[in-house]
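What follows is a set of notes on a single structure, which appears directly below.
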Amino acid sequence: MMRLQKSFYLQSDVVDVAKQLIGKLLVSKIGGTVTKGIISETEAYNGIKDKACHAFNNKRTNRTEVMFHEGGKCYLYLCYGVHTLFNIVVSEKDTPNAVLIRSLIPFEGIVFMKERRGLSVNENKLCSGPGNLSKAMGFHYSQSGLSLLENDIFIEDNGIIIEDQHIEVSKRIGVEYAKEHADLPYRFVLKPYFCDQLKKKYSNGPLSDRIS
DNA sequence: CGGCCGATCCACT
DNA sequence: GTGGATCGGCCGA
C-alpha cells in the first residue's frame with residue numbers, strides 16, 4: 001500500500017484522473033482514529049472553462065484559491081450551510097481542476113464512522129453521498145488546503161486496476177445551473193455488482209493475487 | 001452591510 | 001417527489 005505521489009495529481013486531464021481514482025483508498029487519520037474507504041463515485045470539475053466549476057471564468061476568491069494551487073491538496077467547502085464536500089485538487093499551478101469524491105465503500109474504522117454518523121445508519125451507506133462521507137471520515141471545511149502528500153488525509157494506491165466495463169459514466173449531480181455543461185459525462189460510478197468483489201479483493205490474499 | 005444562493009440530506013407524503 | 005434546514009461565500013449598493 002503506497003500513498004499516491006505528486007505525479008499522479010499533476011496530470012492535466014482531470015476527467016481521466018476522476019476515473020483513475022475509482023477503486024483507490026481514501027484514508028483519514030483524524031482525532032487519533034483511522035478510517036478508510038474505497039472510492040466508488042467521483043466527479044470531475046474541469047477548470048476555468050467549466051460552468052459547474054467554482055473556478056469558472058478564472059474566479060479567484062479566498063475559498064477557491066486552493067484550486068489554483070499545484071495538484072495534490074484537498075479543497076473542502078461548506079455546501080448548503082450544512083455539508084462539507086471533499087475535493088482533490090488536480091493539475092499544475094494556475095489550472096484550477098478538481099475531483100469531487102461522492103461516495104466510498106466503508107473499509108476500515110467502521111466503528112468510528114458509525115460514531116460520527118449515528119448508530120442507526122445502515123453500515124453500507126455510511127459513506128454514500130458527498131456530505132455523508134465527509135462526516136463519516138471526520139472532514140471539516142477548515143481543513144481545506146491540506147496537502148495529501150504529507151498529512152493525515154491521503155489516497156492509497158494498491159496496484160488494483162479497475163477495468164472500464166466496471167465503471168458507469170454519467171452526467172454530474174446537482175449542476176443544472178451550468179446549462180450546456182450540465183450534461184457532460186464527468187461522473188464515474190463503480191457498478192454495484194463490482195463493489196462487493198472489490199472489497200473482497202482488498203480483504204483477501206497477497207497483493208499479487210489481487211490484481212484484476 | 002443586506003440579500004441571495006448552493007457540487008446536499010432527510011423526513012414526510 | 002417535495003420542501004425545509006442552515007450558514008458561509010459572494011456580489012452589489
Side-chain angles (χ1 to χ4, degrees), chain A residues 9 13-22 24 26 28 35 37 39-69 71 73-91 95-106 113-146 148 153 155 167-190:
Chain A
Y9 299 108
D13 186 346
V14 67
V15 178
D16 197 56
V17 170
K19 188 165 88 173
Q20 292 175 47
L21 282 167
I22 296 290
K24 297 197 177 353
L26 177 58
S28 75
T35 43
I39 297 171
S40 55
E41 181 179 350
T42 62
E43 283 177 359
Y45 287 84
N46 194 16
I48 62 174
K49 307 173 301 302
D50 179 1
K51 286 186 178 178
C53 180
H54 290 166
F56 171 66
N57 210 15
N58 228 20
K59 188 166 81 172
R60 245 180 217 269
T61 66
N62 283 339
R63 184 179 68 152
T64 65
E65 186 62 28
V66 65
M67 293 185 74
F68 290 83
H69 291 195
K73 293 182 177 180
C74 59
Y75 167 48
L76 295 121
Y77 70 95
L78 186 66
C79 188
Y80 294 98
V82 185
H83 308 291
T84 292
L85 270 61
F86 177 83
N87 299 257
I88 295 168
V89 177
V90 171
S91 304
T95 303
N97 296 339
V99 175
L100 171 67
I101 308 300
R102 293 189 54 88
S103 195
L104 307 172
I105 304 166
M113 293 179 178
K114 284 180 175 171
E115 278 179 15
R116 290 168 176 151
R117 289 290 322 274
L119 297 175
S120 62
V121 176
N122 180 320
E123 186 161 323
N124 296 317
K125 297 188 175 178
L126 282 169
C127 301
S128 297
N132 289 334
L133 80 85
S134 289
K135 191 170 179 184
M137 296 289 283
F139 298 152
H140 187 266
Y141 59 90
S142 61
Q143 294 159 317
S144 191
L146 281 185
L148 305 174
I153 301 173
I155 314 286
I167 298 174
E168 184 82 25
V169 183
S170 63
K171 67 179 183 178
R172 295 172 291 186
I173 304 296
V175 296
E176 291 312 306
Y177 62 88
K179 299 186 176 175
E180 72 269 25
H181 296 160
D183 293 333
L184 291 170
Y186 285 180
R187 175 171 175 246
F188 300 93
V189 183
L190 193 64

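So you know, we letter chains A, B, ... as the sequences are listed, proteins then strands, and number each from 1. This structure is a prediction, so every number in the text was calculated from the model and none was measured.
- Using a 4.0 Å heavy-atom criterion, one finds that A:L100 contacts the bases of the nucleic acid, with or without backbone contacts as well.
- Under the side chain to side chain contact (heavy atoms under 4.5 Å, CB included) rule, A:F86 has a single partner from A:S28, A:P130, A:S134, which is A:S134.
- In terms of position along DNA chain C, the nucleotide closest to A:H83 lies nearer the 5' end than the nucleotide closest to the other residue of the pair A:Y141 and A:H83.
- Taking 4.0 angstrom as the limit, A:Y177 places a side-chain polar atom (N or O) nearer than this to OP1 or OP2 of B:dA7.
- For B:dA7, neither phosphate oxygen OP1 nor OP2 lies less than 4.0 angstrom from any side-chain nitrogen or oxygen of A:R187.
- Secondary structure note: stems in DNA chain B built from 3 or more consecutive Watson-Crick or G-U wobble pairs under 3.5 Å occupy B:1-6 with C:7-12, B:8-12 with C:1-5.
- A cation-pi arrangement, defined by a distance under 6.0 Å to the six-membered ring centre and an angle within 45 degrees of its axis, is absent between A:R63 and A:Y141.
- A straight line from CD1 of A:I173 to P of B:dG6 spans 16 Å, rounded to a whole angstrom.
- Remark: side-chain polar atoms of A:R117 are paired, donor with acceptor, to backbone N or O of A:L126 under 3.5 angstrom.
- Annotation: ring pair (Phe, Tyr, Trp, His ring centres under 6.0 Å) contacts of A:F68 (sequence neighbours excluded): none.
- Between A:F56 and A:H181, the ring planes are perpendicular. Angles over 60° get that label, and only those under 30° would be called parallel.
- With rounding to the nearest 0.5 Å, the separation of OG in A:S128 from CD1 in A:I105 is 9.0 Å.
- For A:N122, the CG atom sits in a packed shell: over 12 heavy atoms of surrounding residues, nucleotides or ligands are nearer than 6.0 Å.
- Taking the 5' to 3' direction, DNA chain C first and last meets chain A under 4.0 angstrom from a heavy atom at C:dT6 to C:dC11.
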